[in-house]
Peer 1: 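Structure incoming, see below.
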Amino acid sequence: MNDESNQNWVGASVKRKEDMRLTSGRGQYFSDIKIPGALHLVFVRSPIAHAKIKSIDTSAAEAMKGVIAVVTAADITDEIKSFPQPSLTPALPANYPTHWPLAVDKVKFHGEAVAAVIASDRYIAADAAEAVEVDYEELPVVTDIVGSISSNYTKSKVKRIPGPPHFDLI
Amino acid sequence: MKQDVSININGQDYEGYVENRMLLVDFIRDVADLTGTHVGCTYEGTCGACTIQLDDEPVKSCLLLAVQGNGRKVTTVEGLANDGVPSLLQDAFNDEHGLQCGYCTRGILTNMDAFLRENPNPSEAEIREALVGNLCRCTGYVNIVKAVLTAAAKLKQMA
């Protein structure tokens, strides 16, 4: 160990290596990456916080020129499994709610994705997303602490699924 | 509905046949392929990462249409350097650690470049007020303000 060379680095102010690139507008951030033929994805999101999804009509969106596909939960629940989100708290039973990328049967928060529109152009995808018609049946919503501790709120049931500890919010 | 548009960006003319509703930031990023200008807030005009200079005035390009730039001069962050030599402002940001991830920095640079032209001797309060349209999630703004003050001091030295 050379004591003299250590004195040069300890406590020294060292400049970063990336700043020249970043301040001149370079640097490949994720959305700066251009892949030829890449499509654009826009989600149709629920404007309602809690509702049953009665129907989703994607026919108008699918008919638009440049739209490659419009995907809803009905298209994926047979193809993929839901995503488990384990939440392990010591001394409490294991709680494993699951998560689907698109709302299945019910919307549980404002902004939850209900359908995914894939198109060749960003603007076409946005137009098609507006053309997707979703029929919602609104359900009661509680948005403050006072409401949630009163006796009138609807409690989300947690269903235990047979097998390893596994729960679903229904 | 589409129309022909020609915009001079950083000294070069870029032409396109674009929809009337195409945003200026999308023209800059997708048609002119200058991805230095960023969108940080899904086109709401909130974050300022899309700030460019339109005829030397700093503006948020997500709040303008490409057709509004037709025939006009746009300066983006890529155009702040002079023939490859970084500007004093860019140097100051490098020296004063005025950026971390750098995502918002390009909007701040184009804004402050125009600001220092108007106000070459700003106080810290004036800088902070001019930065009100630029959001930064990384730095807490302290070093950004320091960098602008350093750049202003250097400019004064050169004058």
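The shown structure was predicted, so the numbers you read here are calculated from the model rather than taken from an experiment. Reckoned from all heavy atoms, side chains included, excluding hydrogens, waters and symmetry mates.
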Peer 1: For Asp105(A), does the CG atom sit with more than 12 other heavy atoms under 6.0 Å from it, leaving out its own atoms?
Peer 2: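 Open: at most 12 neighbouring heavy atoms sit under 6.0 Å from CG of Asp105(A).
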Peer 1: At under 4.5 Å between heavy atoms, what parts of residues 24-36 of chain B are in contact with chain A? List them by residue number.
Peer 2: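 Those residues of residues 24-36 of chain B which have a heavy atom under 4.5 Å from chain A are Asp26(B), Arg29(B), Asp30(B), Asp33(B), Thr35(B), Gly36(B).
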Peer 1: Taking every non-hydrogen pair under 4.5 Å, which of Lys34(A), Arg21(A), Glu18(A) racks up the most with chain B?
Peer 2: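 Maximum pair count with chain B is reached by Lys34(A).
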Peer 1: If you group Ile, Leu, Val, Met, Phe, Trp and Tyr by side-chain heavy-atom gaps below 4.5 Å, do Met22(B) and Leu65(B) land in one group?
Peer 2: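 Per the 4.5 Å side-chain linkage, Met22(B) and Leu65(B) are co-clustered.
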Peer 1: Regarding Asp19(A) and His97(B), do their side chains bring together a donor and an acceptor under 3.5 Å, going by distance alone?
Peer 2: no
Peer 1: Of all heavy-atom pairs between Arg106(B) and Leu22(A), which one has the smallest distance, and what is that distance?
Peer 2: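 Scanning both residues, the minimum pair turns out to be NH2-O, 2.9 Å.
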Peer 1: Using the rule that Ile, Leu, Val, Met, Phe, Trp and Tyr join whenever any side-chain heavy atoms are under 4.5 Å apart, tell me whether Val142(B) and Leu135(B) fall into a single cluster.
Peer 2: no
Peer 1: Is it the backbone or the side chain of Tyr123(A) that comes under 4.5 Å from a heavy atom of chain B, or both, or neither?
Peer 2: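 Answer is both: backbone and side chain atoms of Tyr123(A) are under 4.5 Å from chain B.
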Peer 1: Is chain B contacted by the side chain of Arg26(A), its backbone, both, or neither, given a heavy-atom distance below 4.5 Å?
Peer 2: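 For Arg26(A), the backbone is the part near chain B, not the side chain.
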Peer 1: Can you hop from Val104(A) to Val71(A) via hydrophobic side chains spaced under 4.5 Å?
Peer 2: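 Yes, Val104(A) and Val71(A) fall within the same hydrophobic cluster.
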Peer 1: Drop me the distance from Tyr103(B)'s OH to Ser31(A)'s OG, to the nearest 0.5 angstrom.
Peer 2: 4.0 Å
Peer 1: Is there a path of hydrophobic side-chain contacts, each under 4.5 Å between heavy atoms of I/L/V/M/F/W/Y residues, joining Val59(B) to Val5(B)?
Peer 2: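 Per the 4.5 Å side-chain linkage, Val5(B) and Val59(B) are co-clustered.
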Peer 1: Counting heavy atoms not belonging to Glu138(A), are there more than 12 under 6.0 Å from its CD?
Peer 2: no
Peer 1: Is there a path of hydrophobic side-chain contacts, each under 4.5 Å between heavy atoms, that joins Ile52(B) and Leu131(B)?
Peer 2: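 Unlinked, Ile52(B) and Leu131(B) end up in two clusters.
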Peer 1: So which part of Ser13(A) gets closer than 4.5 Å to some heavy atom of chain B, the side chain, the backbone, both or neither?
Peer 2: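 Nothing of Ser13(A), per the 4.5 Å heavy-atom cut-off to chain B.
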Peer 1: Pick from Leu89(B), Asn94(B), Asp91(B): which one makes a side chain to side chain contact (heavy atoms under 4.5 Å, CB included) with Thr23(A)?
Peer 2: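 That would be Asn94(B).
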Peer 1: Answer yes or no: does atom CD of Glu129(B) have more than 12 heavy-atom neighbours from other residues, nucleotides or ligands under 6.0 Å?
Peer 2: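 Count not over threshold, so no.
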Peer 1: Checking Glu78(B) against Ser24(A) for the side-chain contact (heavy atoms from CB on, under 4.5 Å) test, could you report, in this order, the C-alpha distance in whole Å, the side-chain angles of both residues, the deciding distance, and whether it holds?
Peer 2: CA-CA 6 Å; Glu78(B) 292 98 331; Ser24(A) 40; over 6 Å; no
Peer 1: For the CZ atom of Phe93(B) and the CE atom of Met20(A), what is their distance to the nearest 0.5 Å?
Peer 2: 14.0 Å
Peer 1: Give the minimum heavy-atom separation between Arg21(B) and Asp127(A), together with the two atoms involved.
Peer 2: NH2-OD2, 2.5 Å
Peer 1: Sort out for me which of Thr76(B), Val39(B), Thr105(B), Asp95(B) touches chain A most, counting heavy-atom pairs under 4.5 Å.
Peer 2: Asp95(B)
Peer 1: Would you mind checking which part of Leu80(B) comes under 4.5 Å of any heavy atom in chain A, side chain (CB onward), backbone (N, CA, C, O), both or neither?
Peer 2: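 Looking at Leu80(B), nothing touches chain A.
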